[in-house]
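Working notes, beginning with the structure itself.
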Protein chains: 4
Amino acid sequence: MQTMQSHCSLREKQRQEREQLILKAAEEILLEKGYYETSMDEIAARVGIAKGTIYHHFPSKEELVAALITWNIEAALREVEAVVAADLTPSEKLDRLIEHVFTGIYSKRARLLSSIYNGVDIKRVFQEKEHGIKEKMDTLCRYTVEILEEGKRVGEFETSISTQAMMYAFFSLFSIRRYDAILLGGKEVPHRELFRQLRHIFLQGITRKQEPSDKE
Amino acid sequence: MQTMQSHCSLREKQRQEREQLILKAAEEILLEKGYYETSMDEIAARVGIAKGTIYHHFPSKEELVAALITWNIEAALREVEAVVAADLTPSEKLDRLIEHVFTGIYSKRARLLSSIYNGVDIKRVFQEKEHGIKEKMDTLCRYTVEILEEGKRVGEFETSISTQAMMYAFFSLFSIRRYDAILLGGKEVPHRELFRQLRHIFLQGITRKQEPSDKE
Amino acid sequence: MQTMQSHCSLREKQRQEREQLILKAAEEILLEKGYYETSMDEIAARVGIAKGTIYHHFPSKEELVAALITWNIEAALREVEAVVAADLTPSEKLDRLIEHVFTGIYSKRARLLSSIYNGVDIKRVFQEKEHGIKEKMDTLCRYTVEILEEGKRVGEFETSISTQAMMYAFFSLFSIRRYDAILLGGKEVPHRELFRQLRHIFLQGITRKQEPSDKE
Amino acid sequence: MQTMQSHCSLREKQRQEREQLILKAAEEILLEKGYYETSMDEIAARVGIAKGTIYHHFPSKEELVAALITWNIEAALREVEAVVAADLTPSEKLDRLIEHVFTGIYSKRARLLSSIYNGVDIKRVFQEKEHGIKEKMDTLCRYTVEILEEGKRVGEFETSISTQAMMYAFFSLFSIRRYDAILLGGKEVPHRELFRQLRHIFLQGITRKQEPSDKE
DNA sequence: AATGAATGAGGGTTCATTCAT
DNA sequence: CATGAATGAACCCTCATTCAT
């Protein structure tokens, strides 16, 4: 019985490993080339498997990408949840969120999402109920909203700025990489420092000015 | 001779008109569907001409899009130059720039650029010397840099924030529309008000804090 | 204007010729190999055109075959109508129908239909309203029913046999060729004579026996 | 030794049982969907075994189907032999044959054959010596020929109709089901009654008319 | 022997590009 | 020049067959 068990789980383990390899390769190529320039052939080639094999794991190119996105969003969600639950001020929470978004694996996620989000077919996948991508995205947004509104309550953020505008500004930070090539002409930049400053701009931008409010 | 001349320029005028029509149609569809979902057939159909005719004006789909981008950047460049040359404070200049970018025809341009910028082929076109897209983009950036550095000189903007970071934050505002569907769940927003607040966030984000006001 | 006209009709004529060539090639191969063994590549190759060209005339393989069937049914319908309208006894009408069905181009039609009718996808096409295949088939059946019932009225055919059974027996004659290879072991048979005898069997099979009609 | 023997025959028995299950499943699906719409995956799934296992029993899809056909023909042959050997008049024999063909399991066989007979690959299998399908089919035909010719000898059937034509008419009865959907527009029909009438048409069609009985 | 993941040839379809009219 | 039919490379996907476990 146990042998059977271990036999089965070996198979299952290999299967999942292979699936991860496919997702990884797909992610790489999608980041390099975008959805339409990525062919199933190339993904298969990069993994070193036959094209048909991909279809044992994902029923279509769209579903493969949907799985990739789902996987990334879920990971993001977990991390965001951790931040939200932590004992920190709203500013610190945002700070930490931005830090993760810009530095760690996050920026890749942001680019992935935004690089994929163009395709019309893919938008359809987004909206389709079954993947729950939209729902997860909504949850992710809700967490951010919570932080921002908490910040307004405790007087950290400007109440005269709508939460929506803050959200926009916040998420816009994620799409930046897109312009790198143009803005920087190719030369690499110390992201760490760049992100620090962007965070500063954003946080100061939404922070409540403590001026001598008595005057006002 | 003159007849010939006028004949030719009539021809030439018609030709250019047609070219404009093609560019206009291409722009519309590209904004709706993105690069890959836009087919030459559809562009031709929308203009009301034969597919082959497009190839009399543009040697390839890539070149057509490159022309479209060039045209948009040039227009942007002209407007930016006007702003730069105007007698305004750096803050006011940025303000006006943002206003144009978010409200007027600019936002369309931003979306166009960002919607197209995904494709690898297109990136290649960007880099190719002959279109001068990169050069114009550089010029456009330089103008912005000028404003920002002028702002630092005159004490309006934070000197501790690198101009590069400011640039990033500035251009990030252009990519926002992308997330509309997800962030807003479809409901329309008064863009005018939204943009006003975003501008506020950005400008306050980079504005020099008057703290050591005793000195000043 | 006339030049334009002739120009257009030339194009149109060529287009229709090409379409006929495609239909003809498709018909040949379908008869040889059946629906599934017939590839668009092969059809194109037989016509001597590129595969893509077929798709300028027919939006899909299914539609191509549907067009082929429609075309054949319509032709059959026209001929059947002529027979029905002729001044003949019901027996003679059936006779002529069978003669056409078995000898002329008809048998090819019968085989085509029956060779195609297997595919599940194709059945779907049959049922779809837009081609009107089912409707035409129904009309064709109705004509036959008319003849059979007229025959019963005038005392030529057995009233104790349901029209439906007669219809079955009638149409079954069309599917025969299918067994040729097996029944005949490959050797060719004088179809003319064979059909004459089959007609005899069928007609005698449904003919009213004149037996002691006085009693009845 | 005997243990070994019995061990082996147990194995062998299980093997044959499994083979029967595969054939049964294949038959079902083939009848539902036809040769090309039937996948090895689906057959395996219906049996509840792995796809590879099928290949331990049959070297290919073609061979599986060939085995199925062989099995059906052999069964038919046995039943036909019984009828031929029975003490009945030729008419009665035909009658019984038709009855079996239309009602019992036979009609399924007829449909199976005709549904499969389309594919080119399968035709090839038919012709290949090794399965002996053609030979058995020939034998089956020969039995029918015997009955028909016996009927002619004893004056039951028309001598002026070639045996071959009778054969055609006889076998054509088997392919009818094909047109059901079209001929009946979906409504179910009491097959028993339908078959009775078809048998009547056929038998009366080939029966010798007793008219000039005075001469004889 | 049984399994089922892997294979890869082959099919239908699309679409940027070409070219005869 | 304008036209739009023709082209054919490339794509996504299927499925009979193989083979390591």
Side-chain angles (χ1 to χ4, degrees), chain A residues 7-8 10-12 14-15 18-19 36-44 47-64 121, chain B residues 11 14-15 18 36-45 48-64 121, chain C residues 3-4 6-8 10-12 14-15 18-19 36-44 47-64 121, chain D residues 11 14-15 18 36-45 49-64 121:
Chain A
H7 170 69
C8 283
L10 176 62
R11 275 270 168 112
E12 188 52 28
Q14 282 187 337
R15 184 188 167 74
R18 177 84 52 140
E19 204 159 296
Y36 292 95
E37 298 287 332
T38 300
S39 76
M40 296 300 263
D41 274 288
E42 192 176 356
I43 296 174
V47 184
I49 59 176
K51 185 168 36 169
T53 304
I54 298 180
Y55 287 88
H56 284 299
H57 295 266
F58 305 97
S60 71
K61 189 184 178 184
E62 273 188 19
E63 291 294 318
L64 166 55
D121 329 345
Chain B
R11 276 272 168 111
Q14 283 186 337
R15 185 190 163 72
R18 173 126 11 171
Y36 293 94
E37 299 284 335
T38 298
S39 72
M40 297 300 265
D41 275 286
E42 194 175 355
I43 295 174
I49 59 176
K51 187 165 40 168
T53 305
I54 297 180
Y55 285 87
H56 285 298
H57 294 266
F58 306 97
S60 74
K61 189 182 177 185
E62 273 187 21
E63 292 295 319
L64 165 56
D121 332 341
Chain C
T3 311
M4 190 63 182
S6 77
H7 170 69
C8 282
L10 177 63
R11 276 266 167 114
E12 188 52 29
Q14 281 187 337
R15 184 187 167 74
R18 178 84 52 140
E19 203 159 298
Y36 292 93
E37 297 287 331
T38 299
S39 74
M40 296 301 262
D41 274 291
E42 193 176 355
I43 296 174
V47 184
I49 58 176
K51 187 164 41 164
T53 304
I54 299 180
Y55 286 88
H56 284 299
H57 295 267
F58 306 96
S60 72
K61 188 183 179 188
E62 273 188 19
E63 291 294 318
L64 166 55
D121 330 343
Chain D
R11 276 272 168 112
Q14 282 186 335
R15 183 188 165 74
R18 172 122 15 168
Y36 293 94
E37 299 284 335
T38 299
S39 72
M40 297 300 265
D41 275 284
E42 193 175 357
I43 296 173
I49 59 175
K51 187 164 41 167
T53 305
I54 298 180
Y55 285 86
H56 285 298
H57 294 267
F58 306 96
S60 73
K61 188 183 178 185
E62 274 187 20
E63 291 296 318
L64 166 54
D121 332 339

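This structure is a prediction, so every number in the text was calculated from the model and none was measured.
Contact annotation: side chain of D/H56 to base of E/dA1, donor-acceptor pair absent below 3.5 Å.
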Name every donor-acceptor pair, under 3.5 Å, that has one atom in a side chain of residues 47-56 of chain C and the other anywhere in the protein, sequence neighbours excluded.
{"from": "C/K51", "atom 1": "NZ", "to": "C/D41", "atom 2": "OD2", "distance (Å)": "3.2"}
{"from": "C/T53", "atom 1": "OG1", "to": "C/A50", "atom 2": "O", "distance (Å)": "3.4"}

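The CD1-P distance, from D/I43 to F/dT17, rounds to 11 Å in whole Å. Distance, B/E63 CD to E/dA16 P: 15 Å, rounded to whole Å. Residue A/R15 contributes atom CZ, which lies 8 Å from atom P of E/dA6 at whole-angstrom precision. The distance from atom CD of B/E42 to atom C1' of E/dA16 is 14 Å, rounded to the nearest whole Å.
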Please tabulate the protein-to-nucleotide N/O contacts below 3.5 Å involving nucleotides 11-14 of chain F, giving atom names and distances.
{"from": "F/dC12", "atom 1": "OP1", "to": "A/T38", "atom 2": "O", "distance (Å)": "3.4"}
{"from": "F/dC12", "atom 1": "OP1", "to": "A/K61", "atom 2": "NZ", "distance (Å)": "2.8"}
{"from": "F/dC12", "atom 1": "OP2", "to": "A/M40", "atom 2": "N", "distance (Å)": "3.1"}
{"from": "F/dC13", "atom 1": "OP2", "to": "A/Y55", "atom 2": "OH", "distance (Å)": "2.7"}
{"from": "F/dC13", "atom 1": "OP2", "to": "A/K61", "atom 2": "N", "distance (Å)": "2.9"}
{"from": "F/dC13", "atom 1": "O5'", "to": "A/Y55", "atom 2": "OH", "distance (Å)": "3.4"}
{"from": "F/dC13", "atom 1": "N4", "to": "A/K51", "atom 2": "NZ", "distance (Å)": "2.3"}

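Taking A/E42 as the reference, A/I29, A/K33, A/S39, A/R46 meet the side chain to side chain contact (heavy atoms under 4.5 Å, CB included) condition, with sequence neighbours excluded. For A/E19, the side-chain hydrogen bond (donor to acceptor under 3.5 Å, both in side chains) criterion is met by A/H57, not counting sequence neighbours. Residues passing the side-chain hydrogen bond (donor to acceptor under 3.5 Å, both in side chains) test with B/E63 are B/H131, sequence neighbours excluded.
DNA chain E contains the following stems of three or more consecutive Watson-Crick or G-U pairs, with both distances under 3.5 Å: E:2-21 with F:2-21.
When every heavy atom of D/K61 is checked against every heavy atom of D/T38, the shortest pair comes out as NZ-O, 2.8 Å.
OP1 or OP2 of F/dA6 has at least one side-chain nitrogen or oxygen of C/R18 nearer than 4.0 Å. Between F/dT7 and C/T53, a contact under 4.0 Å exists linking OP1 or OP2 to a side-chain N or O.
Projected onto DNA chain F by closest heavy-atom contact, C/I54 and B/I49 fall at different nucleotides, the more 5' of which corresponds to B/I49. When each of A/G48 and D/A50 is assigned the nucleotide of DNA chain E with its nearest heavy atom, D/A50 is the one assigned upstream, toward the 5' end.
Residue-level contact check: A/H57 touches the backbone only, with heavy atoms under 4.0 Å from sugar-phosphate atoms and none from bases.
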